[in-house]
Amino acid sequence: MGVAKPLHNLEKRILKSLNKNKGGLLEKVAEEAKLSLDQTRRAVEWLKAKGMVKTEIEQSKIFFLDIKGRKAVKEGLPERRLVNHITDMKGKAILADLKKKYRTTPQEFSAAFGNASKKGWIGITTENDIRIVKVKQLVKRTPEEGLLIKLNQSKVSSTGITDEEKSILINLKKRPQYIKEKEIKRTKINITPLGSKTVNSL
């Protein structure tokens, strides 16, 4: 039976870090062991070959704002801007005039109008055969706006959002150019029983 080769200093540092923290992501292990990522990757491969560590790939997504998402944070959602515009017109406006005066594309106006109606912020009445849009109610901040602000402050991982935020995110992703997402893969390193036994004898 051959004699086990002595561990390299890099391997020792990795094992000590893993044993102390019960495993961890590659970047965190490298930081803890005060090694570069390349040094850590190399040492991990050596330790894997010796059966002292195991690795697994964790997949997740990060979400961040696209062009219109950033605009919504700065200026408000289209439906918010529309209602604010009507409010400035003393809370009501002739629908035909509103379409002309509200500076946006017909598609954006239609989407803003539909969302404002769905949220119960506006309603339509008829006065002397003229269709009038009136502000009914307005909340201070919607869950969508809250999530947009959160995403504007920093990128958010799919593992760092609540179940409620996930459903809100799905709705925001339906809006063109609001949300971008990127898939990321991270390497998690775990120490094996042999690795723990070895590090305890160092």
Side-chain angles (χ1 to χ4, degrees), residues 21-29 31 56-125 131-190:
N21 299 299
K22 307 302 179 187
L25 295 173
L26 177 70
E27 293 80 5
K28 192 67 179 177
V29 173
E31 182 183 342
E56 59 181 298
I57 302 298
E58 287 188 346
Q59 290 184 306
S60 62
K61 292 181 180 180
I62 53 172
F63 303 98
F64 49 101
L65 297 183
D66 203 347
I67 297 171
K68 289 188 178 179
R70 292 194 296 272
K71 181 180 179 181
V73 171
K74 185 178 180 181
E75 301 178 8
L77 287 169
E79 57 266 35
R80 170 79 68 182
R81 298 199 303 271
L82 177 64
V83 174
N84 287 344
H85 186 74
I86 300 171
T87 301
D88 290 341
M89 300 170 72
K90 298 183 179 179
K92 70 176 185 177
I94 297 172
L95 179 58
D97 290 343
L98 184 63
K99 288 180 179 179
K100 294 176 184 176
K101 294 178 181 177
Y102 187 61
R103 295 179 181 178
T104 185
T105 65
Q107 294 83 358
E108 288 178 337
F109 178 85
S110 178
F113 193 91
N115 285 324
S117 297
K118 192 183 299 181
K119 288 180 168 69
W121 293 354
I122 59 175
I124 296 182
T125 60
R131 300 183 77 190
I132 305 293
V133 184
K134 293 184 178 181
V135 175
K136 293 170 64 178
Q137 63 170 333
L138 188 62
V139 295
K140 289 185 177 180
R141 180 189 290 177
T142 67
E144 287 176 310
E145 290 168 326
L147 185 56
L148 285 171
I149 291 170
K150 181 177 179 178
L151 289 169
N152 189 52
Q153 293 169 343
S154 65
K155 296 176 181 178
V156 177
S157 168
S158 55
T159 58
I161 59 176
T162 66
D163 289 338
E164 182 185 0
E165 287 175 331
K166 286 177 184 176
S167 63
I168 297 168
L169 189 63
I170 289 171
N171 289 328
L172 284 173
K173 285 168 66 178
K174 293 176 182 176
R175 298 183 184 229
Q177 295 183 303
Y178 267 70
I179 304 294
K180 281 186 176 182
E181 64 178 65
K182 181 180 179 181
E183 190 170 290
I184 57 173
K185 295 180 180 180
R186 301 188 297 180
T187 302
K188 187 177 181 181
I189 310 165
N190 295 306

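Nothing fancy with the numbering, it's 1 onward along the sequence.
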Exercise. Check side chain to side chain donor-acceptor pair (under 3.5 Å) between K173 and all other residues, then give those that pass, not counting sequence neighbours.
Key: E181
Practice problem: Using side-chain contact (heavy atoms from CB on, under 4.5 Å) as the criterion, list what pairs up with E183, not counting sequence neighbours. | Solution: Q59, K61, K185
Exercise. Working to the nearest 0.5 Å, report the span between OG of S117 and CD1 of I124.
Key: 6.0 Å
Quiz item: So, do L95 and I132 sit near enough that their side-chain heavy atoms are less than 4.5 Å apart?
Solution: no
Self-check item: Verdict with reasoning, V29 to N21, per side-chain contact (heavy atoms from CB on, under 4.5 Å)
Solution: CA-CA 9 Å; V29 173; N21 299 299; over 6 Å; no
Practice problem: With rounding to the nearest 0.5 Å, note down the distance linking CG in L25 to CD in E31. | Solution: 11.5 Å
Practice problem: Any chance you could measure L172, atom CG, to D66, atom CG, to the nearest 0.5 Å? | Solution: 12.0 Å
Practice problem: Among residues two or more places apart or on two chains, list those pairs meeting salt bridge (charged side-chain N to carboxylate O under 4.0 Å, His left out) that have a residue in residues 159-170. | Solution: K150-E165, D163-K166
Exercise. Mind jotting down which residue pairs meet the ring pair (Phe, Tyr, Trp, His ring centres under 6.0 Å) criterion with at least one end in residues 64-86? Sequence neighbours excluded, please.
Key: H85-Y102
Practice problem: Starting at CG of L98, measure out to CE of M89 and round the result to the nearest 0.5 Å. | Solution: 6.0 Å
Would you give me the side-chain donor-acceptor pairs under 3.5 Å for residues 74-83, sequence neighbours excluded?
{"unit_1": "E79", "atom_1": "OE1", "unit_2": "R175", "atom_2": "NH1", "d": "3.2"}
{"unit_1": "E79", "atom_1": "OE2", "unit_2": "K119", "atom_2": "NZ", "d": "2.9"}
{"unit_1": "E79", "atom_1": "OE2", "unit_2": "R175", "atom_2": "NH2", "d": "2.7"}
{"unit_1": "R80", "atom_1": "NE", "unit_2": "E145", "atom_2": "OE2", "d": "2.9"}
{"unit_1": "R80", "atom_1": "NH1", "unit_2": "V139", "atom_2": "O", "d": "2.8"}
{"unit_1": "R80", "atom_1": "NH2", "unit_2": "V139", "atom_2": "O", "d": "3.2"}
{"unit_1": "R80", "atom_1": "NH2", "unit_2": "K140", "atom_2": "O", "d": "3.1"}
{"unit_1": "R80", "atom_1": "NH2", "unit_2": "E145", "atom_2": "OE1", "d": "2.7"}
{"unit_1": "R80", "atom_1": "NH2", "unit_2": "E145", "atom_2": "OE2", "d": "3.4"}
{"unit_1": "R81", "atom_1": "NH1", "unit_2": "G76", "atom_2": "O", "d": "2.6"}

Quiz item: Got N115 and W121 here, is their nearest side-chain heavy-atom distance under 4.5 Å?
Solution: no
Practice problem: State the CD1-CG distance between I179 and L147, to the nearest 0.5 angstrom. | Solution: 6.5 Å
Exercise. Working to the nearest 0.5 Å, report the span between CG of L169 and OG1 of T162.
Key: 10.0 Å
Self-check item: Side-chain (R186) to main-chain (E58) donor-acceptor, under 3.5 angstrom
Solution: no
Practice problem: Using the ring pair (Phe, Tyr, Trp, His ring centres under 6.0 Å) rule, collect all pairs that involve residues 150-190, keeping only residues at least two apart or in two chains. | Solution: none
